Number of protein chains: 2
Amino acid sequence: MYIMVEGTIQSTLTLAILGLISQRPMTGYDLRKVFTTTPMWYFSNSPGAIYPALQRFENSGLIKGIVEGQDTLRPKRVYTLTEDGRQVLEQSLEQPITQDDVIRRRDDLVLRFTFMGNILGREKTLSYLKELLIQLENYIPSLQEHLDTERLAESPYDAFSIEYGIEMYQVYTRWAKHVIDQLEGN
Amino acid sequence: MYIMVEGTIQSTLTLAILGLISQRPMTGYDLRKVFTTTPMWYFSNSPGAIYPALQRFENSGLIKGIVEGQDTLRPKRVYTLTEDGRQVLEQSLEQPITQDDVIRRRDDLVLRFTFMGNILGREKTLSYLKELLIQLENYIPSLQEHLDTERLAESPYDAFSIEYGIEMYQVYTRWAKHVIDQLEGN
DNA sequence: TGAGACATGTAATCGGTTACATGATTCC
DNA sequence: GGAATCATGTAACCGATTACATGTCTCA
């Protein structure tokens, strides 16, 4: 009988939290600092989001909090990833890239890439980027089609917006190729 | 005494809904179709998101539903923007662009642009794009700085991710300039 | 001594996801 | 007759936002 690991990563924020803790043990406050002072400011630094998330992770055994300075007047809870936590994180990073990811979570895919290098290694990261490339190149033509119909309909604003989308996905593609080159160059 | 218009636009989805209804009267089903068959598939097409949103808007008087085919066995509720609704939408589109918008809602800003043309006119749309340009050009250097420190720290994956961000914002800038040129060219 | 960083939480509220539920119409 | 499309909802659940709350430590 297999023992199933309880608890999963429900959102981008929680992936970010688990990924950061995987890099080094962290307190809630450390996480908040990352989410305010680095380009990860993209995420919520709200205590109302972070502390409950840490509690949920600890309850499902993905992280373990150790109180430091218990004797002092300002103790802090330092969280470390457990074996189960590492497993869940690995599984989460290894999920195939879906159309939905490409459409609605294109930035999240970059977050996954960021953590992947250290956790799954260079080879898997390269596969991931190649998979991403395929998905991107598969998606762009469908936008292109809509651009053509929009142009015929003479909706200039709609057309500009679709152009935005196409250009975003094109640089995304270029970026992925560039990273692949760099990683293979080593 | 002023009569305050109740109800505001709480999310990107609800902005999309109100904006689409402003373009032409729509049923919930029409909205769902848009959210599945056009590049607006970016948004949720879930009935559990759309129908409650329509009810909220109607309750606060921003839209008005008229039942068509009440005598038939398959009536439908066609929603139109009210005067209040138009006011709220206009106000929402006229909000200044914040840092937070640029960081966490960069795609939403494009949605606002899309509706703006028809609702606020070309002049205001141009101002909006110029404001956007300033915000973008103001934000990019802060990413650049973090890239430099990341490179010194020799975290290649982190550095690549920041590069992604920078490139995204750079094409965004290029796109905005291009649209300004096109709109001024007319 | 007072501002600002350190440090952790709770509670109300709310929009969205997921899943369930129902029935009509059209077209092959 | 059956699949696909048209058409509209509800209910449980849940993560995040917002706001509130509390106290320490450090350094100028």
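A, B, ... follow the sequence lines: proteins, then strands. Residue 1 opens every chain. What you see is a predicted model; the values in this text were computed from it and never measured.
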Side chain to side chain donor-acceptor pair (under 3.5 Å) between Thr27(B) and Asp30(B), intermediate numbers included:
CA-CA 5 Å; Thr27(B) 67; Asp30(B) 289 337; 3.2 Å; yes
Report task. Give a yes/no answer on whether the side chain of Arg77(B) brings an N or O atom under 4.0 Å of OP1 or OP2 in dT8(D). Result -> no
The helix from dT1(C)-dA28(D) to dC28(C)-dG1(D): angle between terminal helix axes, five bp per end, to the nearest 10 degrees, reads 30°
Looking only at atom types and distance, does a side-chain atom of Tyr29(B) sit under 3.5 Å from a main-chain N or O of Lys76(B), one as donor and one as acceptor? no
Side-chain contact check for Ser44(A): nearest option of dT17(C), dT10(D), dT17(D) is dT17(D)
Expected list for residues 21-33 of chain B near DNA chain D, using heavy atoms below 4.0 Å, is Thr27(B), Gly28(B), Tyr29(B), Arg32(B)
field: Donor-acceptor side-chain pairing of Thr12(B) and Asp108(B) below 3.5 angstrom
entry: yes
note: Glu58(A), atom CD; dT8(C), atom P; distance rounded to Å ~ 12 Å
Out of dG15(C), dA16(D), dA7(D), minimum distance to the side chain of Thr14(A) belongs to dA16(D)
Per atom distances to the Ser11(A) side chain, the nearest of dG16(C), dT10(C), dG15(D) is dG15(D)
Applying ring-ring contact (aromatic ring centres under 6.0 Å, His included), run through Tyr172(A) and Tyr164(B) and close with a yes or a no.
CA-CA 7 Å; Tyr172(A) 204 169; Tyr164(B) 166 84; 5.0 Å; yes
Hey, is the side chain of Tyr51(B) poking within less than 4.0 Å of OP1 or OP2 on dG9(D), counting only N and O atoms?
no
Side-chain donor-acceptor contacts of residues 15-24 of chain A below 3.5 Å, not counting sequence neighbours, with atom names and distances?
residue, atom, partner, partner atom, Å
Ser22(A), OG, Gly19(A), O, 2.6

Between Lys130(A) and Glu184(A), does any NZ, NE, NH1 or NH2 come within less than 4.0 Å of an OD or OE carboxylate oxygen? yes
From OH of Tyr79(A) across to P of dA7(C) the rounded distance in Å is 14 Å
Among the nucleotides dT8(D), dG15(C), dT17(D), whichever has the atom closest to the side chain of Arg56(B) is dG15(C)
For residues 82-115 of chain A, the ring pair (Phe, Tyr, Trp, His ring centres under 6.0 Å) pairs (sequence neighbours left out) are Phe113(A)-Trp175(A), Phe113(A)-Tyr157(B)
- Would you mind checking if Arg106(A) and Asp101(A) are paired as a salt bridge, meaning a charged N to carboxylate O distance below 4.0 Å? no
Please determine whether a side-chain nitrogen or oxygen atom of Gln55(B) lies at a distance below 4.0 Å from atom OP1 or OP2 of dT8(D).
no
Please check this pair: side chain of Arg122(A) against backbone of Gly117(A), looking for a donor-acceptor N/O pair closer than 3.5 Å. no
Whether each nucleotide of nucleotides 19-24 of chain D has a protein heavy atom under 4.0 Å at its base (B), only at its sugar-phosphate (S) or at neither (-) is summarised, 5' to 3', as ----BB
Residues in residues 92-114 of chain A with a heavy atom under 4.0 Å of DNA chain C, by number, are none
- request: Look at Glu167(A) together with Arg174(A) and state whether they make a salt bridge at an N to O cut-off of under 4.0 Å.
  value: no
